[in-house]
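Worksheet: the structure to be examined is printed underneath.
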Amino acid sequence: MFQTFTPKEYLKIDIANNFGFDKQDWDDRISWFDQNEHQLHALVSQADEPALFYAGILAWEAVTAGRPTGYPISLDATCSGIQILSVLAGDRKAAEICNVVDTGKREDAYVSVYQDMVDKLGESAKIDRKLTKKAIMTAFYGSTAQPKQVFGEGELLSTFYETMEERAPGAWNINETMLAIWDPTALTNEWVLPDNFHVVIKVMGSVTETVQFLNEPFDISYKANMPIKNGRSLNANMTHSVDGMIVREMGWRCNYKPEKIQELVKLLDAGAAGRSTRRPQDKLVQTLWGHFKDSGFLSARILQLLDIDNIGLVSHTHIENLIRSLPKKPFELISVHDCFRCLANYGNDLRWQYNNLLAEIAESDLLGFIVSQMVGHQIVVNKLDPSLAHDIRNANYALS
């Protein structure tokens, strides 16, 4: 269940996170702060992130003195790659281990897979927890070398793959699908996302040439844009492209222009029906609307482009729903990959916006939209569980 917190509680959580308690339940983090408030300065050297920990302490002291801080708390996505794959596939099992669907506690996907392997093989099995995390991260992106390096080629490796498929069947299936659809003749991999950002990734292969230097032969290796037979980069690049879209959407939705939204609300209430297609912004509205019809995901980018002259090009109901999903007040957001920072006053809004974005992706056909572009013909991808969205919106630790 989605817990809400006061700004002061978010600051307590942030300080506990930077000390090293980001994998604990919310209440445990707040409790740790309350128990250690009297000695926070003495703990700086022990913190995982000492600079941020100290900055949080100064912010707390300012708050308790009644002064504004300007200090942004940080909330990180928990295993954002697996989160994205789980909502694309409708994979409830994967969603549970990465906090997209609530289990009643703060989960750790890497620990879950590790513990399952230990349970199967026994405590005597030589499984390194940190190395297991590396194997999991790279395996979801198509790597076979890293898991083999960690587990060898025997029972450990087969148990690892068996556990991955059990714990994240849909996410793992996406990985295998991306390997299967690799085009060995392609020089680039390209697709467009629902916000009309274009992904163009050159296929790079290794070339080795022998050169003579001082009458001695030397092999020189370099990367060149060329087709390769068994590429493994599609899943990583696809996942990262969606990750980038989420960051853009978070910015548009959290830090919207209130005067623009007020203008659109008035136009919608008045039933405005302008259908101009002459201007560049009109054409982009049509493009974004076309992406929505094909993918089922409506980008908030469209809100910047709609006005009295083109609002008739789109469904008013869908625009109204998008506007209703925005926070009551806009707020500034700093994003570093899957870490989001904002003032503590907006912590609840930040977490809900992230949950809602994941839920909208789960409700969409975004995976089919992307894969269809990759293979050059229409692909329908059925989700393992099409009913995840409600639970995702109530998730407690997706951003943690």
Side-chain angles (χ1 to χ4, degrees), residues 23 76-86 88-89 91 93-100 107-184 186 189 199 201-208 221-224 226-244 337-339 367 374:
K23 292 179 174 59
D76 286 22
T78 55
C79 307
S80 62
I82 304 176
Q83 286 184 339
I84 290 168
L85 292 171
S86 72
L88 288 172
D91 184 348
K93 289 183 177 180
E96 287 178 346
I97 65 173
C98 61
N99 301 295
V100 169
E107 298 286 351
D108 185 325
Y110 305 123
V111 171
S112 295
V113 173
Y114 167 81
Q115 192 58 54
D116 277 8
M117 292 184 67
V118 170
D119 291 344
K120 288 177 181 178
L121 297 168
E123 294 288 346
S124 60
K126 294 181 180 179
I127 307 174
D128 185 288
R129 185 167 168 171
K130 289 185 178 180
L131 290 178
T132 299
K133 177 179 178 178
K134 283 187 178 180
I136 295 167
M137 292 172 66
T138 55
F140 271 116
Y141 293 152
S143 171
T144 56
Q146 187 72 51
K148 193 178 294 184
Q149 183 178 332
V150 172
F151 299 115
E153 298 191 27
E155 184 183 14
L156 282 179
L157 186 62
S158 61
T159 302
F160 170 73
Y161 284 125
E162 175 187 290
T163 306
M164 292 284 278
E165 192 163 2
E166 289 172 355
R167 274 299 199 165
W172 192 248
N173 183 255
I174 292 176
N175 176 42
E176 294 182 327
T177 298
M178 291 295 169
L179 295 174
I181 66 174
W182 178 266
D183 181 357
N189 292 306
V199 180
I201 301 165
K202 290 182 178 180
V203 178
M204 304 299 289
S206 294
V207 177
T208 301
S221 296
Y222 59 92
K223 295 288 187 180
M226 57 186 288
I228 60 176
K229 187 176 180 181
N230 295 308
R232 295 184 167 273
S233 60
L234 268 184
N235 200 31
N237 290 330
M238 183 276 295
T239 305
H240 292 153
S241 74
V242 176
D243 207 352
H337 184 210
D338 57 1
C339 171
L367 180 59
M374 289 176 172

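Side chains are part of it too, since the values below use all heavy atoms of this structure and drop only hydrogens, waters and symmetry mates. For reference, positions follow the sequence shown, starting with 1.
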Determine whether more than 12 heavy atoms belonging to other residues, nucleotides or ligands lie under 6.0 Å from atom CD of E162.
->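 Atom CD in E162 is crowded, with more than 12 foreign heavy atoms closer than 6.0 Å.
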Counting heavy atoms not belonging to K120, are there more than 12 under 6.0 Å from its NZ?
->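 Yes, because the 6.0 Å sphere around NZ of K120 holds more than 12 heavy atoms from other groups.
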Please report the shortest heavy-atom distance between I228 and W182, naming the atom on each side.
->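 Smallest interatomic distance, heavy atoms only, reads O-NE1, 2.9 Å.
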Does the side chain of L85 come within less than 4.5 Å of N175's, by heavy atoms?
->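 N175 does not reach L85 side chain to side chain.
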Would you say N189 and N237 make side-chain contact, with heavy atoms under 4.5 Å?
->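 Answer no - side chains too far apart.
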Between atom [atom1] of [X] and atom [atom2] of [Y], what is the distance when rounded to the nearest 0.5 Å?
X: C79; Y: M137; atom1: SG; atom2: CE; value: 8.5 Å
X: L131; Y: F151; atom1: CG; atom2: CZ; value: 8.0 Å
X: L367; Y: T177; atom1: CG; atom2: OG1; value: 8.0 Å
X: M117; Y: I127; atom1: CE; atom2: CD1; value: 4.5 Å

Between T132, I136, D128, T163, which is the residue that forms a side chain to side chain contact (heavy atoms under 4.5 Å, CB included) with Y114?
->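 Exactly one candidate clears the test, T132.
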Is it true that a side-chain atom of [X] and a backbone atom of [Y] form a donor plus acceptor pair closer than 3.5 Å?
X: Q83; Y: C98; value: yes
X: S143; Y: A139; value: no
X: D338; Y: D243; value: no
X: R232; Y: G142; value: yes

Measure the acute angle between the ring planes of Y141 and H240, then classify it against the limits of 30° and 60° as parallel, tilted or perpendicular.
->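 Rings of Y141 and H240: perpendicular, as their planes differ by over 60°.
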Report the C-alpha distance between N99 and T78 in whole Å, list the side-chain angles of each, state the deciding distance to 0.1 Å, and finish with yes or no for side-chain hydrogen bond (donor to acceptor under 3.5 Å, both in side chains).
-> CA-CA 7 Å; N99 301 295; T78 55; 3.0 Å; yes
